Number of protein chains: 2
Amino acid sequence: MIRVLLVEDDRDLAAGVLDYLELENMVTDHAANGIAGLNLIRSQRYDVIVLDLNLPKLDGLKVCEHARGEGHDTPILMLTARDTLEDKVVGFAQGADDYLVKPFAIEELVMRIRALANRRSGQVTRRAVGDLELDIRNREVTRLGQAVRVSPTTFRLFERLSRACPEAVSREDLMFAIWGEDQPDSNSLKVHVHHLRRQLAEAGSSVKVETVTGLGFRLNPDGEAE
Amino acid sequence: MIRVLLVEDDRDLAAGVLDYLELENMVTDHAANGIAGLNLIRSQRYDVIVLDLNLPKLDGLKVCEHARGEGHDTPILMLTARDTLEDKVVGFAQGADDYLVKPFAIEELVMRIRALANRRSGQVTRRAVGDLELDIRNREVTRLGQAVRVSPTTFRLFERLSRACPEAVSREDLMFAIWGEDQPDSNSLKVHVHHLRRQLAEAGSSVKVETVTGLGFRLNPDGEAE
DNA sequence: CCCGGCGTTAAGACAGGGTTAAACCGCTCA
DNA sequence: TGAGCGGTTTAACCCTGTCTTAACGCCGGG
């Protein structure tokens, strides 16, 4: 569940966005001016804050600045009608994590909110994929409460794939996720993918590792044909 | 992982930037003149292109113009010593996505590169043509939810055609889109067009590949006579 | 009637991916 | 200290689907 705070003074726009976000199973709060927004930021816990730049009482940049200054590290997405580069730069400098220029497609906003929430959820230690659950902190994978044995390398591979799921991840990205800078020069990745597949199959999981020819691999949570 | 192409003739500046970008885990290529840059754009895949305006052989604007003309939609960040409004306007008109005036802080460049790369990755990677949908990220084509099997090369061909649809694309452009620099010397393109046609027909799609004699090919979404 | 452009087909070369086993490495524990 | 062990890397091999090549068929225009 994603908690979103929207700070936006245009009531109509705000109402539309809130409706849509709630349809997407997000929990939303709303503030119509900067001061109210800042108070909510201080008192509640959010996964993402969507902040209009032009706000009554205290503008978006100031809100951003204050929030960061007070130690809040919740991802902030700036919303603005202005499109000048200066604003962008100032926005980023003030600690915004993303930017969206009005008018925007609501789907894009949702997508970016999800992206920001996920980025942060690197700190969240559990994630579900199909019938599997992976505990990132403890490097464990479980299915129906049963532990699935995976080696460290295989775990890193699975973690990266699950993060992108159901999108595909390129070989290069996978290599980087597993080994970082200096990577083995042979077909180690193939072997680990093979191990992962075998381990998932042995655990009886519905999750399948699919190959996208010429690109890389993808996790299919239900193992259904595409 | 972000792939960056830097086209810049000042060797010192380029070296500094490249070092820094690599420290930031970006994968970089470098070209010291416009022609070389354009060739790399044609043959490689980048997430962001950083383009100096003043370049030997072919200036930045021309490179930008050619790249866009050939259907590349990679975000381009223009780098320039000039700061006149006209330059910005011309740059944006030519298809640049962002602008940075020399001298600049390297951190700012990094910030903007990230912003451009994210904007793109947040961007929808699906495209519709007639009754087909193609998912560029996952390299797959679907019709009514059913996957249409296409080989990597056929996909590249289809992707390029769909990008121009309903305009025609010349043989040359198609060859570049599929093979980049070194292209096969025989009638491979004909064969792949044939494959594509057969696969579309087998999938029952209304989309037809039409021949423009002496020029190249064109996608007709509805298969109606012209 | 020949030529050039395009479409079609089949065969062989090739590459990408899958699989396996053995070597290797660091660790623990007798 | 050296045997055992789990994990990782390497290298070789196979298989399958894809790409390229080359040859041929078709058609319209000069």
Side-chain angles (χ1 to χ4, degrees), chain A residues 139-141 147-161 168-202 208-220 223 225-226, chain B residues 43 138-141 147-161 168-203 208-220 223 226:
Chain A
R139 314 223 133 186
E140 278 178 351
V141 181
V148 178
R149 244 176 48 88
V150 285
S151 69
T153 308
T154 311
F155 184 87
R156 281 199 292 277
L157 170 64
F158 187 52
E159 191 278 328
R160 181 69 187 86
L161 283 170
V169 185
S170 73
R171 283 197 157 61
E172 268 191 328
D173 280 1
L174 285 173
M175 303 268 283
F176 193 81
I178 298 176
W179 293 287
E181 292 293 283
D182 53 297
Q183 309 166 356
D185 42 333
S186 80
N187 59 353
S188 219
L189 183 61
K190 291 202 294 191
V191 177
H192 286 292
V193 168
H194 183 233
H195 286 340
L196 177 59
R197 280 183 171 138
R198 185 140 49 94
Q199 281 154 353
L200 292 184
E202 277 172 4
K208 295 277 177 289
V209 180
E210 296 178 349
T211 102
V212 180
T213 314
L215 231 193
F217 301 90
R218 165 180 46 187
L219 240 43
N220 183 343
E226 301 124 69
Chain B
S43 58
N138 291 332
R139 304 227 174 138
E140 64 183 16
V141 181
V148 178
R149 243 175 53 87
V150 284
S151 68
T153 308
T154 312
F155 183 87
R156 282 198 292 276
L157 170 64
F158 186 51
E159 191 277 328
R160 182 69 187 87
L161 283 170
V169 184
S170 73
R171 284 196 156 61
E172 255 193 345
D173 280 0
L174 285 173
M175 303 272 280
F176 262 127
I178 298 177
W179 292 287
E181 287 292 272
D182 52 299
Q183 308 169 356
D185 41 332
S186 81
N187 59 351
S188 218
L189 183 62
K190 289 202 296 188
V191 178
H192 286 293
V193 168
H194 181 236
H195 285 340
L196 177 59
R197 279 180 171 140
R198 184 140 51 93
Q199 280 155 351
L200 293 185
E202 278 172 4
K208 295 279 176 288
V209 180
E210 296 177 351
T211 304
V212 182
T213 313
L215 233 181
F217 301 90
R218 166 180 48 188
L219 240 42
N220 183 342
E226 302 120 69

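Letters A, B, ... are given to chains in the order of the sequence lines, protein chains preceding strands, and every chain is numbered from 1. Remember, predicted model here, so these are calculated numbers, not experimental data.
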Which pair of non-hydrogen atoms, one from [X] and one from [Y], has the smallest distance, and what is that distance?
X      : Y      : answer
B/P184 : B/M175 : O-CE, 4.1 Å
A/Q199 : A/V150 : OE1-CG1, 3.8 Å
B/N138 : A/A168 : OD1-N, 2.8 Å

Working to the nearest 0.5 angstrom, can you tell me the gap between A/L157 CG and A/W179 CH2?
8.0 Å
Rounded to the nearest 0.5 Å, the OG1 atom of A/T154 sits from the CZ atom of A/R198 at a distance of 10.0 Å
Atom pair distance, as rounded to whole Å: CD1 in B/I178 and P in D/dT18:
15 Å
Atom CG of A/N187 to atom P of D/dA12: distance rounded to whole Å?
11 Å
For B/F155, report the nucleic acid contact type (base, sugar-phosphate, nothing); a contact means any heavy atom under 4.0 Å.
nothing
Base, sugar-phosphate alone, or nothing: which one does B/S151 contact when heavy atoms must sit under 4.0 Å apart?
sugar-phosphate
Which nucleotide span of DNA chain C, 5' end to 3' end, has atoms closer than 4.0 Å to non-hydrogen atoms of chain B?
C/dC6 to C/dT9
Scan the side chains in residues 189-196 of chain B for donor-acceptor partners under 3.5 Å anywhere in the protein, sequence neighbours excluded, and list what turns up.
none

Please list residues of residues 189-198 of chain A whose heavy atoms come under 4.0 Å from any atom in DNA chain D, ordered by number; otherwise none.
A/V191, A/H192
Report the nucleotide, chosen from D/dT21, D/dT9, D/dG7, that has the shortest atom-to-atom distance to any side-chain atom of A/R149.
D/dG7
Looking at side-chain heavy atoms only, is the closest gap between A/F155 and A/V141 below 4.5 Å?
yes
Whether B/W179 contacts D/dT20 is assessed here as follows: a side-chain N or O lying under 4.0 Å from the phosphate OP1 or OP2. Is that the case?
yes
Taking 4.0 angstrom as the limit, do A/R218 and B/E140 come out as a salt bridge?
yes
